[in-house]
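Reminder, nothing fancy here: chain letters follow the sequence lines and each chain counts from 1.
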Protein chains: 2
Amino acid sequence: MRAVSLVPAWGKAGCRRPAGRNSLAVIPSSLGSRPLERLCRCSAVQACSSVITQYRYYTLIASIFCFEYETFDACSRSAGPFSPICAGTLLMARQKARLKDIAAKTGYGTNTVSLALRGSTRISAAARDLIRKAALELDYVPNNIAKSLVSRRSNTVGLILHEITNPILTSAAKEIQLALASRGYGVLFATSNGSFDEELHAIEMFRSRMVDGLLIYPLVHSRLDHLRRLREQNFPVVLLVGVQDSGIDVVGIDEFVGAHDATRHLVDQGHRRIGALVMLQYGTSQKHDGYVAALEAAGLPVDPQIIGSCLNHSIEGGIQTMDSIMHGPDPPTAVFCSSDILALGALRWARIHRRTVPAELAIIGFDDIESASHAVTPLSTINNNVDELARRSVARLLELIDAEGGLPPPRTSLLHGDLVVRESSATDAAAGSTATPTIDTRSS
Amino acid sequence: MRAVSLVPAWGKAGCRRPAGRNSLAVIPSSLGSRPLERLCRCSAVQACSSVITQYRYYTLIASIFCFEYETFDACSRSAGPFSPICAGTLLMARQKARLKDIAAKTGYGTNTVSLALRGSTRISAAARDLIRKAALELDYVPNNIAKSLVSRRSNTVGLILHEITNPILTSAAKEIQLALASRGYGVLFATSNGSFDEELHAIEMFRSRMVDGLLIYPLVHSRLDHLRRLREQNFPVVLLVGVQDSGIDVVGIDEFVGAHDATRHLVDQGHRRIGALVMLQYGTSQKHDGYVAALEAAGLPVDPQIIGSCLNHSIEGGIQTMDSIMHGPDPPTAVFCSSDILALGALRWARIHRRTVPAELAIIGFDDIESASHAVTPLSTINNNVDELARRSVARLLELIDAEGGLPPPRTSLLHGDLVVRESSATDAAAGSTATPTIDTRSS
DNA sequence: TTGTAAGCGTTATCAC
DNA sequence: GTGATAACGCTTACAA
C-alpha cells in the first residue's frame, strides 16, 4: 500500500529520477529479502522486463523497503537488501519524448537534432532523415513552452469577448482564430462576462501566460485606461470596437456612422418620432451618439422617454425595454436598436402587442446576423463585416507584435457598415432611397 | 539608419546584453567623435538620462560606430572612440520584471523572493512585506511559461468546437471558460471548422503548447481513434457529445434519447408521416438513430425520402433541405430537426410556402436556444442543459488531470435533455401529454 | 530564515 | 557538420 502511494511522486516537479524516465518499475512480490542485483536475475522479473522493452520503456527493478525510505530516490540510493512489500508491476505514465531522447536514440547531440528537425542546411541529409525518422517513431512533439522561454514569444494571443451570446462576436472569434492559426498562433480566450473585474482578471491571466498580444472587445468603451497602460508598456493591443482617439490601435465598425445611417434611414422613411434601444449602463455609446446626431441633424427632438437602456443583450431584454418606451403617451413609430438581437426582441414585442411591422412600427437593427434576414419580418440592419474585421485586426496585431524597437503610433481603422434595407423598416422595401442601401432579395 | 536596424536585435533570443536590460540607449547625434566617458558628461545626454531614470530605466550611453560592429554587445565591448551615426534616443521595450529583479532591488536571493511571493511561512513577515511591495512597484507578473516548464503543467486546457455559429456550443464555451478560470486554468480555443484535418491540426497545436487536457466537440462522432490514442498516452480528454462506449470520457447530452423523445412526441400528437432534418455527412448520428428507433417503436416505416441531410448548420441549410424532403408525392406532416437552427429554417420554409405550423406541418427542434422560444411560432425542442454540461465536463477533466499514476477508466455521463413543448408541435400546447413536458408560458 | 545549485526542454553561440 | 555550453525564468532539494 505504502509503495503505491509513493509512486505518484515520480514525474512530479522537483523529483529527480534520471533513471526513472520512461521506465517501468517492477516491484516483485514474494521474492523474499535479497539484494537488488539478485532480483534482476530473477526469471519472472526478466520476462516482464523484456515485454516492457518492446514498449520502449526502460526497465527499472525495484523493491521498496516499507518504512525506511520516503522517496523512490532515497530507496534506490540505498545499498542494503530490500524487503518486497507490494505485488505486481506499476506502469509509469510514459513521458513525452524530448530532443534529448531522439539524440540518445540516434547517437547525435541534442543540438544537432534540434537543427535537423528544423530543417537546417548545416545538417547532412543523412543525419536529417535519420533524426526525422526517430522523431516520428518516438511521437515527438516539440515543447513550445520551452521554446517560448528562450524565444521570449509564446506564439499565442489573447482574445477577450465581453459577451459570447452575441453571434457577431462569436463569428468574429471564429474568423480571428482561423486567421491566427494560419499564421501559427494559438488563441487564449476569455469572456469578461459583464464584469469589469473579470476583464482585468483575464488580462492579468493572459499576461502571466505571456501572450504576445491582445485582441479585445472591451466591456466598457469608455474605460480603456488599463489597456492604454498595457500599450505604454509596449504590449500590443488591438481594440475590436470602433472608438475614436482611444490612444490604442483600433479595428472596428464605425458605430457612430452606422447608428447615424440607420436612424437617418428611419427619418427618410418619414418617421418623426424615433425611439432607440441601446446599452447605456456604462455611460454613453457611439451608437447612442450616432442616433442622437441623426435626430438633431433632422431637427427632431431627443426624448429620453423613448430611449430605452437594455441591461442585457438578449431577445428578452429587448422585449422588456420596448415595454418601457412604448407605454408612454406619445410612443415612437420607429425604433433604432443597437443590435439585431434587441431588434428581434422589438419584433417579438410588436407581435405580442399586435402591431404590424413596419406599418405601425418600423424597426431597424445593427449587425446583420443570420437570423435578421430570416425573422418573421426580415430586419433592416447595418451590416457588420466580420470577415474584414477579423482579417484587418489580426493583420494589425501581428504588425504590432513584429514591430521591432517599440510599438508604432496607434492607428484607428474604422470599417464602414452598410445599410441593409429589408421589410422591417420600409413600407416599400424596393423603394429604399438612402445611402445606397443593399436590397436583400431573399427576404420576399 | 544602420544603427536603427541593429537595435531590434536587442531583446531577441540568444542576444546577450546583461547591461542592456531595462535600459535606454542614448545615441547622440552630432556630438562628434569622442570617447564614451566624455559622452556621458555631455549635458544633453545627462538631462535625458535623468528623465529616463524617472521611468525606472537604467541609462546606457552608447554611440554606434557604423560599420565595425554587428551587434550592440560587440559595440559596447569595444574600447575605441565612437562615431555617432544616429540622431536622438531610442527607447528599448522595457522588459518584464523577473524574480531576479525583485531580488536585486530588495537584496534577497531569488529563491527567497519566490517563496515570499507565494506566501511561504519559511520567510519572515518583514521580508515578505518588503518583497511584496517591491514586486508591486516593479509591476511584477509571474512568468507562467517558466513555471510550466518546471512544474510540467501549463494550467491551460484546450477547447475544440466543431462549429462556433451554433449558440449551444458558444454558450457551452462560455460556461466552460468561466468554470475553468475559477480554478485557475486558461483556455486555448480552436474551431475545427468543418474539416477533420483542422481538428487534427488543432490537437497537434494544443499538444505542442502542452495543454493539460482537452475538451472537444468532435467533428465526426464516429472518428475518435485519434482521441483514443491520446488517452492511451495518458492525455486527459473529455468528449462533450453523448456518444456511447467510445473508450473515452464523455459528458454530453444523450442525443439518442433526446431524438427519440422528440420523435415520440410527434407520434403522440397523431402524426404518422414524420420527416427529419439531420447532419449525416459523416455517417449516422445518435440523433438520427433515436429518430429511427422511435419510428420503429411506433410501427411506422422509415422512409429515406423524407430524411434530409443538411450539409451546413444554418437557417439557410434548413430551408434548402426542407425543399428536398417536401416536394415528394407524400410529404411529411411533421419534422424532427436535429437542431433548433435547422428547425428555424424549417419554420421559415413553412412561412415561405404558406403552411401553417403546427396545423399543416409540426416542427420540433433540438437544443432550446434563446431564439427557439421567441420564433414566429415558438419552437418545441429538447432542452440542452449547457450549465450542467459545462460544470460536469470541467469537473471530470480536472479529475483526469489530477489523477495520479495514470488515468482512471473512462466514464460516460449522459445528461438528459428535457422535452419542451411549445406551439410548433402541439395543436393544443397546453394539452402536451408526453414525457412530463415543460410548458413554456412565455410563448403566448 | 536564507542562500546555493541543479534542472525543466529548447535555442543560439562558438569552438572543433 | 557536429557537439559543448550557456542562457530563458522559475521551483525544488539541500546546505548553511
**Q** So, does A:R118 get its side chain near the phosphate of C:dA12, meaning an N or O under 4.0 Å from OP1 or OP2?
**A**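 Answer yes for this pair, as a side-chain N or O of A:R118 is under 4.0 Å from OP1 or OP2.
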**Q** Using a cut-off of less than 4.0 Å, is there contact between a side-chain N or O of A:S124 and OP1 or OP2 of D:dG1?
**A**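 For D:dG1, OP1/OP2 do not have a side-chain N/O of A:S124 under 4.0 Å.
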**Q** Output the rounded distance in Å from CG (A:L115) to C1' (C:dT10).
**A**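 Going from A:L115 (CG) to C:dT10 (C1'), I get 11 Å.
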**Q** Should A:Y140 be listed as having a side-chain N or O under 4.0 Å from OP1 or OP2 of C:dG9?
**A**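 No.
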**Q** Rounded to whole angstrom units, what separation is found between the CG atom of B:L130 and the C1' atom of C:dT2?
**A**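 These atoms are roughly 14 Å apart.
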**Q** Are A:R209 and B:T156 close enough that a side-chain donor and a side-chain acceptor fall under 3.5 Å?
**A**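 B:T156 and A:R209 do have a side-chain donor-acceptor pair below 3.5 Å.
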**Q** Distance check needed: D:dA7 P versus A:R153 CZ, whole Å only.
**A**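 Interatomic distance, CZ of A:R153 to P of D:dA7: 23 Å.
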**Q** Between B:Q233 and B:R228, is any side-chain donor less than 3.5 angstrom from a side-chain acceptor?
**A**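 Checked: B:Q233/B:R228 side chains show no N/O donor-acceptor pair below 3.5 Å.
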**Q** Let me spell it out: for each of B:Y108 and A:S114, pick the nucleotide of DNA chain C with the closest heavy atom. Which residue's pick is nearer the 5' end?
**A**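 Result of the comparison: B:Y108.
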**Q** Quickly, which of B:R153, B:R183, B:R396 forms a salt bridge (charged side-chain N to carboxylate O under 4.0 Å, His left out) with B:D402? Name it, please.
**A**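 Passing option: B:R153.
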**Q** Ignoring hydrogens and geometry beyond distance, is the side chain of A:N111 in donor-acceptor contact with the base of C:dT11 at under 3.5 Å?
**A**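 Answer is no: no donor-acceptor pair is held.
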**Q** Return the value, rounded to whole Å, for the distance between atom CG of B:L117 and atom C1' of D:dG9.
**A**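 After rounding, the gap between these two atoms is 13 Å.
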**Q** Just how far, in rounded Å, is C1' of D:dA7 from NZ of A:K147?
**A**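 My rounded result for the distance is 17 Å.
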**Q** Check B:D101 with B:R98, please: is the shortest side-chain N to carboxylate O separation under 4.0 Å?
**A**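 Answer for the salt bridge query: yes.
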**Q** Do B:D139 and B:K96 sit within salt-bridge range, that is, some charged N less than 4.0 Å from a carboxylate O?
**A**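 Here B:D139 does not pair with B:K96 in a salt bridge, since their nearest N and O are not under 4.0 Å apart.
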**Q** Could you pick out which residue, A:A127 or A:T110, lies toward the 5' side of DNA chain D when each is mapped onto its nearest nucleotide?
**A**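 Comparing both residues, the 5'-ward one is A:A127.
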**Q** Rounded to whole angstrom units, what separation is found between the CG atom of A:N144 and the C1' atom of C:dG9?
**A**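 Between C1' of C:dG9 and CG of A:N144: 11 Å.
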**Q** Using whole Å, what does the distance between atom P of nucleotide C:dT11 and atom CG of A:L149 come to?
**A**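 It is 12 Å, rounded to the nearest whole Å.
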**Q** At under 4.0 Å between heavy atoms, what does B:N143 touch on the DNA or RNA strands: base, sugar-phosphate, or nothing?
**A**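 B:N143: backbone/sugar contact only, no base atoms under 4.0 Å.
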**Q** C:dG9 phosphate, OP1 or OP2: any side-chain N/O from A:R98 under 4.0 angstrom?
**A**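 Indeed, a polar side-chain atom of A:R98 lies that close.
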**Q** Is there a side-chain contact between A:T112 and the phosphate of D:dG3, meaning an N or O under 4.0 Å from OP1 or OP2?
**A**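 Affirmative; the distance criterion is met.
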**Q** Please determine whether a side-chain nitrogen or oxygen atom of A:R152 lies at a distance below 4.0 Å from atom OP1 or OP2 of C:dA12.
**A**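 Checking C:dA12 against A:R152, no side-chain N or O comes under 4.0 Å of OP1 or OP2.
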**Q** When only distance counts, do a donor and an acceptor, one from the side chain of B:R122 and one from the base of C:dT2, lie under 3.5 Å apart?
**A**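 It does, because a donor-acceptor pair links the side chain of B:R122 to the base of C:dT2 below 3.5 Å.
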**Q** Given atom CE of B:M210 and atom C1' of C:dT10, what is their separation to the nearest angstrom?
**A**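 Atom CE in B:M210 sits about 11 Å away from atom C1' in C:dT10.
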